[in-house]
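Notes to accompany the following structure.
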Number of protein chains: 2
Amino acid sequence: MERKQPLSGKVRLTEVAQLAGVSPITASRFFRNPNALSAGKRERVESAAKELGYVPNLAARALASHRSEVIGVLIPSLTNNVFADMLRGVYDASDGGRYSVQLANTRYSNFQEERLLRIFHGQKPAGLIVTGINQTPESRAVMRNMNCPIVQVMEIGPEPIDMMVGFSHSDAAFAAVSHLIERGYTRIGFVGARMDPRGQRRFDGYRDAMKAASLFNQRYVITTLSPSTVPLGGILLSDLVTKAPDIDAVFCINDDIALGVLFECQRRQIAVPEQLAIVGFNDLEFMGSAVPSLTSVRTNRYEMGRKAIEMLTAAMDGHPPQERVVDLGFEIMARGSSLPRRT
Amino acid sequence: MERKQPLSGKVRLTEVAQLAGVSPITASRFFRNPNALSAGKRERVESAAKELGYVPNLAARALASHRSEVIGVLIPSLTNNVFADMLRGVYDASDGGRYSVQLANTRYSNFQEERLLRIFHGQKPAGLIVTGINQTPESRAVMRNMNCPIVQVMEIGPEPIDMMVGFSHSDAAFAAVSHLIERGYTRIGFVGARMDPRGQRRFDGYRDAMKAASLFNQRYVITTLSPSTVPLGGILLSDLVTKAPDIDAVFCINDDIALGVLFECQRRQIAVPEQLAIVGFNDLEFMGSAVPSLTSVRTNRYEMGRKAIEMLTAAMDGHPPQERVVDLGFEIMARGSSLPRRT
DNA sequence: TGCCCAAATGACACCGCTACCATTTTTTGA
DNA sequence: TCAAAAAATGGTAGCGGTGTCATTTGGGCA
């Protein structure tokens, strides 16, 4: 007696072809390019596949075709909300499609990134999403070898490997600091943690804006390489007010730091924004709820993920997008923590 | 015609074996079970692989061996920090090992969960991690069919499908509310959002603790099915104080809600904890930094992910753990927002 | 009607690795 | 010392699809 395996799929393409009365290769074509079959065979194969509950063996397909249907995604951190938001866009946009997402975590290490890229290279992915624009020459070499569309996300810059979706972190930071200057603040501090390449460029934007207004002063700057957390924001503010008690505003490298700064101000009874204005970066959901509500720079992280997948799938399907670099921009969300300074 | 692709540097197992002076099958064994080789050949194969930069072709391996080296992970949300923390543990523990992680997002939908399980089923994963204990009978049936070790994470309960790592959400909530009662609070509200199965059980813990002290009052409860966010915490508190102005404490279903509640208190000039004590759940990093610092229930989310992978790999390697249900417990982190009530 | 070209279909080999079993070498023990 | 058992190694045959042709079929047009 025959043991039925309704889900484990002992059904191969050959069985489908047999039932449909065609050759295996024709059945194979049905799944890759249905329009290549005549209407009659198309229907026969379709119903045969359905009847048998055929599930293609992806490993066999990948082996024979020299390509998988995997989109590799490299991000530096899973903890950071910013990447989680982007990932959500990636998963939402790829959901239901034929490509599956394979995630890998570089932990902000170029060495890890290179290693992971080599692994992906071995899998022959259909597409690749990498974070940022600061890949090592070796990483770039591996990617150029990979023979699949690639999108760099989170930021844009010159010399895309293939495609890009993001925004200019330095422009965004420049705009945020300019906002503070317009509002009448002059002794504006910079509070930075992690200082990854994007953080670095936010600092550049801060510095340029300050220099443009002849307000730059190294004393106002405090940074650390430690991962940014809310508690760290408090610690850094403490250090900064010790070092530069005259500051009247701070631009924080991200919202976690900004929240830590706000809490530290509450603890020290520093009035926000009367004694110290605060501006964050990313506009996480809590920024609008804080007391006072915190000014931040909105970035379209979810859209970045979506757009990256859209560009990738378009390219994989043979329609590479016209615009290879997409700027999703940013928006200054002016709130209570940066009200115009009272003179 | 030659079918060979000019794919640069295509190193196959055969090349490695040739350089090492062994047969391909021996080289193959090196990667699966190095101890099966004699010391001399083991070293030769190892250095040959390194020299050529060999990367195994996973598709070929999966096809030939009838099993993939993929661990499927099903989580309900990418936005929620709680799952991101667990995932970090998963990725950290599986990093460098032979298994790769395949993530899928159920979006809190049983239907999606079922669908994704069927897809995983077709890929013959080496192991599976699913969130929670509320799978539908259909989902459980698919999993039982899957013939691989399975770990349910985030909570524990009766009737594990295979293995479990987590803690009791109702016990944790019970302890948190008991903490408030011990500190002298009596009119304790419950602020809940999303109300997924785990949220539901936290409510159960709250209700049981209140009933045990004869303090339960439906008026003190406010819940919504909307996803929990910081702003929502503020809105819900507003509703609650309107409905029950006499409350002297709130137990929040998670820390995001708790933060929103704190901000709303600051906005309304409600003194914390003098007029209203606050307790959250999960102990996210910002809880200790807030002003006042916020009491919460620490849960070992990162450890959950790690442990799940450890149990899975142990089982896959033929050493199923003795304890099939692991309770990682919780800890009440008593802070400023729940100081003993002044009488 | 006949010719030609494009569309539809099929034959065959092979992708890179491992299961299975056969064979050789080494170790063990009486 | 030598046979038997164990360990190490190798040969063969696919796993389940698809690339690359070659071949058949069908339709348009002079």
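By convention in this document, chain letters (A, B, ...) are assigned in the order of the sequence lines, proteins followed by strands, and residues within each chain are numbered from 1. This structure is a prediction, so every number in the text was calculated from the model and none was measured.
Atom CZ in A/Phe30 sits about 15 Å away from atom P in C/dG10, given to the nearest Å. One interatomic measurement links the two molecules: CG of B/Leu58 to C1' of C/dC15, which rounds to 14 Å at whole-angstrom precision. Nucleotide C/dC17 holds its P atom 9 Å from the CZ atom of B/Phe31, rounded to whole Å. Distance CG (A/Asn35) to P (C/dT9): 12 Å, rounded to an integer number of Å. When the P atom of D/dG16 is taken as reference, atom CD of A/Gln18 falls 14 Å away, rounded to whole Å. The distance from atom CD of B/Glu15 to atom P of C/dG16 is 9 Å, rounded to the nearest whole Å. Atom P of nucleotide C/dA19 and atom CG of B/Leu13 are separated by 12 Å, given to the nearest angstrom.
Side-chain proximity of A/Thr26 to the nucleotides D/dG17, D/dG10, C/dG10 is greatest for C/dG10. In this structure, of D/dG17, D/dT18, D/dG14, it is D/dG14 that holds the atom nearest to the side chain of B/Ala64. Here the side chain of A/Leu37 is nearest to one of C/dT9, D/dT9, C/dC17, namely C/dT9.
Not one side-chain nitrogen or oxygen of A/Ser23 sits closer than 4.0 Å to the OP1 or OP2 atom of C/dT9. In terms of phosphate contacts, A/Ser65 brings no side-chain nitrogen or oxygen within less than 4.0 Å of OP1 or OP2 of D/dT18. Under 4.0 angstrom from either OP1 or OP2 of D/dG17 there lies no side-chain N or O belonging to A/Arg32. Side-chain nitrogen and oxygen atoms of A/Lys41 include none within less than 4.0 Å of the OP1 or OP2 phosphate oxygen of C/dA8. Phosphate contact (OP1/OP2 of C/dT18, side-chain N/O of B/Ser28, threshold under 4.0 Å): present. Distances shown here put a side-chain N or O of A/Ser38 below 4.0 Å from the OP1 or OP2 atom of C/dT9.
With a 4.5 Å cut-off on side-chain heavy atoms, A/Arg306 and A/Val90 do not count as touching.
For the pair A/Arg42 and A/Glu46, the salt-bridge criterion is not met [side-chain N within less than 4.0 Å of a carboxylate O].
Using the six-membered ring where Trp is involved, A/Phe83 and A/Tyr108 have ring planes that are perpendicular, over 60° apart on the 30 and 60° scheme.
Formation of a donor-acceptor pair under 3.5 Å by the B/Asn300 side chain with backbone atoms of B/Glu303 is not found in this model. The backbone N or O of A/Pro24 sits nowhere less than 3.5 Å from a side-chain atom of A/Ser28 that would complete a donor-acceptor pair. With hydrogens and angles disregarded, a donor-acceptor distance shorter than 3.5 Å links the side chain of B/Arg44 to the backbone of B/Ala20.
Here A/Tyr54 lies in heavy-atom contact (under 4.0 Å) with sugar-phosphate atoms only. A/Arg67 comes within contact range of the sugar-phosphate backbone alone, with a heavy-atom separation under 4.0 Å but no base atom that close.
Comparing B/Ala36 and A/Pro56 against DNA chain D, the residue whose closest nucleotide sits nearer the 5' end is B/Ala36. Residue B/Leu63 is the one, among B/His66 and B/Leu63, whose nearest nucleotide of DNA chain C lies closer to the 5' end (criterion: closest heavy atom).
Looking at A/Arg29, its side chain comes within 3.5 Å of the base of C/dG10 through a donor and an acceptor atom.
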